[in-house]
Amino acid sequence: MRLTRYFLPVLKETPAEAQIVSHRLMLRAGMIKQQAAGIYSWLPLGLKVLRRIEQIVHEEQERAGHIALLMPTLQPADLWRESGRYDDYGEEMLRITDRHKREMLYGPTNEEMITDIFRSNVESYKQLPLTLYHIQWKFRDEVRPRFGVMRGREFLMKDGYTFDIDKDAALHAYNRHMVSYLRTYERMGLTAIPMRADSGPIGGDDTHEFLVLASTGESEVFYDAAVTDLHLGDREIDYADRAGVKAVCDEFTTLYARTDETHDAALFDAIPPERRRVGRGIEVGQIFYFGTKYSDPMKANVVNDQGARVPVHMGSHGIGVSRLLGAIIEASHDERGIIWPEGVTPFAVGIVNLKQGDSATDAACEGLYAAVQATGLEPLYDDRDDRAGAKFATMDLIGLPWRITVGPRGLANGVVELTERRTGVSVEMTAEAAVARLVEIYALHR
RNA sequence: CGGGGCGUAGCGCAGCCUGGUAGCGCGACGGUUUUGGGUACCGUAGGUCGUAGGUUCGAAUCCUAUCGCCCCGACCA
């Protein structure tokens, strides 16, 4: 993409309403525009990152054997009356009446609807296990939306639902989700720690939240410092291997890590003092096993191998997709702007032309632009007729992890400059070498 | 929902107390200049001062109502 052809309304000054750094940077980088309290338009740069995150979520869900579908944002109230939640959910549910006076609602979650889909189509244990998920906009009429996309009223969420014949099988689905989520967050450059949590209005006994450590997080967290050293890395996971998957879960959940909801001071005090940590975290996902809480009242039964009709065991699993943008920025930025991890960056590399209009420099940039595109990576070429300082400031603000700087001074020696956003370290090399280096770097993030 | 604050140009703000027909910086646009970290200068465009009533000869300014937004708390992916 050429910057002169793009729509990137960056702001030099910080809008007054933004308090936390991710919100400020998303506004300044031209990623979002607020339309009402907790409701945002996604401008091109923001949408690109949102799509990157969605893509990673989809890939990891498919890898774990989960199947995508898409449910509507609007749902009939009657479905929610069956589970009893139409009354229980309260003011957070946005209720709508259509022209025929039918009661509808903008879905805050989809347990009822997925259970309806399941009971209409699945009759036998032989069709289990089954995991269906979608990535769809949700609406929760928060009393006090704030912090940009971190606590919006409209938000994009991946929610998945598991159907199993018994508790053992359902717990394997739970564990499978935990591992797939760990992989998902790692690909986004995040360390998200699974913490034992409270179930809230979804209901259920077994539940973990995934928290990204950040001082601006809304949850207080207590943990053993050693958990931050745990990483999946590139190890092979066989999602069908119950014992293997459980072993990974045990590895990540044995050390103490809890939110204030479930904090146990006695257990915390048992941690060696030098490893005790109290901090704040951003919740970016939660997994639940809730048994037959919905299948019972909604009569989602299957025939088991004894010929008996039994309610299916369910779980639900969510990732806050739009919130993740805020979480990633909170975890990865500096005083100049965002620093995107390679896994989610909107463009692979920024090309800065230091002397727009100079024929040799322009030609070198054009050649580089084409060469990067030919590798399948997407460059953002700053071809504006502007000062170097302005171009660097824009690149730093929007946070592309790599930048290639092209100017007459370097070209005289046959080199361009490859700069890493995170460290600021620049290395001079030929244009060909810079492209080759980028290919190498991004090969690690596929 | 309790408490607090704010709505004036695209963004950041001043003017309001003490009524007299709106201003600054940044940005945008046109030029000149400059060219390896937000350059400098000249010029141009852009605002029924959130909205509705009221008081007044006259309201951004005073009064009333209303809408919206932000912050703290309680609540929450």
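Sequence lines set the chain letters: A, B, ... in the order given, protein chains first and strands last, and positions in each chain run from 1. This one's a predicted model, so the numbers in the text were calculated from it and none came from an experiment.
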Base, sugar-phosphate alone, or nothing: which one does [X] contact when heavy atoms must sit under 4.0 Å apart?
X	result
A:A18	nothing
A:G389	sugar-phosphate
A:G407	base
A:A37	sugar-phosphate
A:G424	nothing
A:Q19	sugar-phosphate

(request) Find out whether the Lys NZ or Arg CZ of A:R81 is both under 6.0 angstrom from the six-membered ring centre of A:Y86 and within 45° of the ring's axis. (result) yes
Could you tell me which nucleotide pairs with [N] by Watson-Crick or G-U wobble geometry, both distances under 3.5 Å, or answer none if nothing does?
N	value
B:C16	none
B:A60	none
B:C41	B:G31

Separation of the [atom1] atoms in [N] and [M], to the nearest angstrom:
N	M	atom1	value
B:C62	B:G15	C1'	16 Å
B:G25	B:U21	C1'	24 Å
B:C16	B:C63	P	14 Å
B:G68	B:U51	C1'	10 Å
B:C72	B:G36	P	43 Å
B:A59	B:G3	C1'	31 Å
B:G31	B:U39	C1'	16 Å
B:A28	B:C75	P	46 Å

In whole Å, I'd like the distance from the [atom1] atom of [X] to the [atom2] atom of [N].
X	N	atom1	atom2	value
A:D386	B:U39	CG	P	8 Å
A:L11	B:G38	CG	P	19 Å
A:L50	B:A77	CG	C1'	15 Å
A:R28	B:G27	CZ	C1'	13 Å
A:D141	B:A77	CG	C1'	15 Å
A:D334	B:G37	CG	P	18 Å
A:F147	B:A77	CZ	P	16 Å
A:N353	B:G37	CG	C1'	16 Å

Which nucleotide in the list [options] gets nearest to the side chain of [X]?
X	options	answer
A:T405	B:G36, B:G12, B:C75	B:G36
A:E13	B:A74, B:U39, B:C26	B:C26
A:A388	B:G38, B:G36, B:C71	B:G36
A:R387	B:A77, B:U35, B:C75	B:U35
A:T394	B:A77, B:G12, B:G38	B:G38
A:R144	B:C1, B:C11, B:C75	B:C1
A:A36	B:C69, B:C70, B:A77	B:C69
A:E283	B:G38, B:C75, B:A77	B:A77
A:D396	B:G37, B:G27, B:G36	B:G37
A:R146	B:C11, B:G36, B:A74	B:A74

(message) Using a 6.0 Å cut-off, check whether atom CD of A:Q55 has over 12 heavy atoms from anything other than its own residue.
(response) yes
Are [Y] and [X] an aromatic pair, judged by ring center distance below 6.0 Å?
X	Y	value
A:Y133	A:H58	yes
A:F347	A:Y6	yes
A:Y289	A:Y174	no
A:Y256	A:F222	no

(request) Take A:L411 and A:I20, find for each the nucleotide of RNA chain B with the closest heavy atom, and name the residue whose nucleotide sits nearer the 5' end. (result) A:L411
(message) Pick the closest RNA chain B nucleotide for A:E209 and for A:T14 by heavy atoms, then say which residue is nearer the 5' end.
(response) A:T14
(request) Compare side-chain N and O positions of A:K12 against OP1 and OP2 of B:G27 and report whether any pair is under 4.0 Å apart. (result) yes
(message) Taking only side-chain N and O atoms of A:Q34, does any of them lie within less than 4.0 angstrom of OP1 or OP2 on B:C70?
(response) yes
(request) May I ask whether A:F392 stacks on the base of B:G36, given the cut-offs of 5.5 Å between ring centres and 30° between planes? (result) no
(request) Check the side chains of A:T394 and A:R384 for a donor-acceptor pair under 3.5 angstrom, ignoring hydrogens and angles. (result) yes
(request) Report yes or no: does A:T131 contribute a side-chain atom to a donor-acceptor pair with the main-chain N or O of A:H66 at less than 3.5 Å? (result) no
(request) Decide yes or no, distance alone: a donor-acceptor N/O pair under 3.5 angstrom between the base of B:G37 and the side-chain of A:R403. (result) yes
(request) Report the distance from atom OG1 of A:T191 to atom CG of A:L182, rounding to the nearest 0.5 Å. (result) 10.5 Å
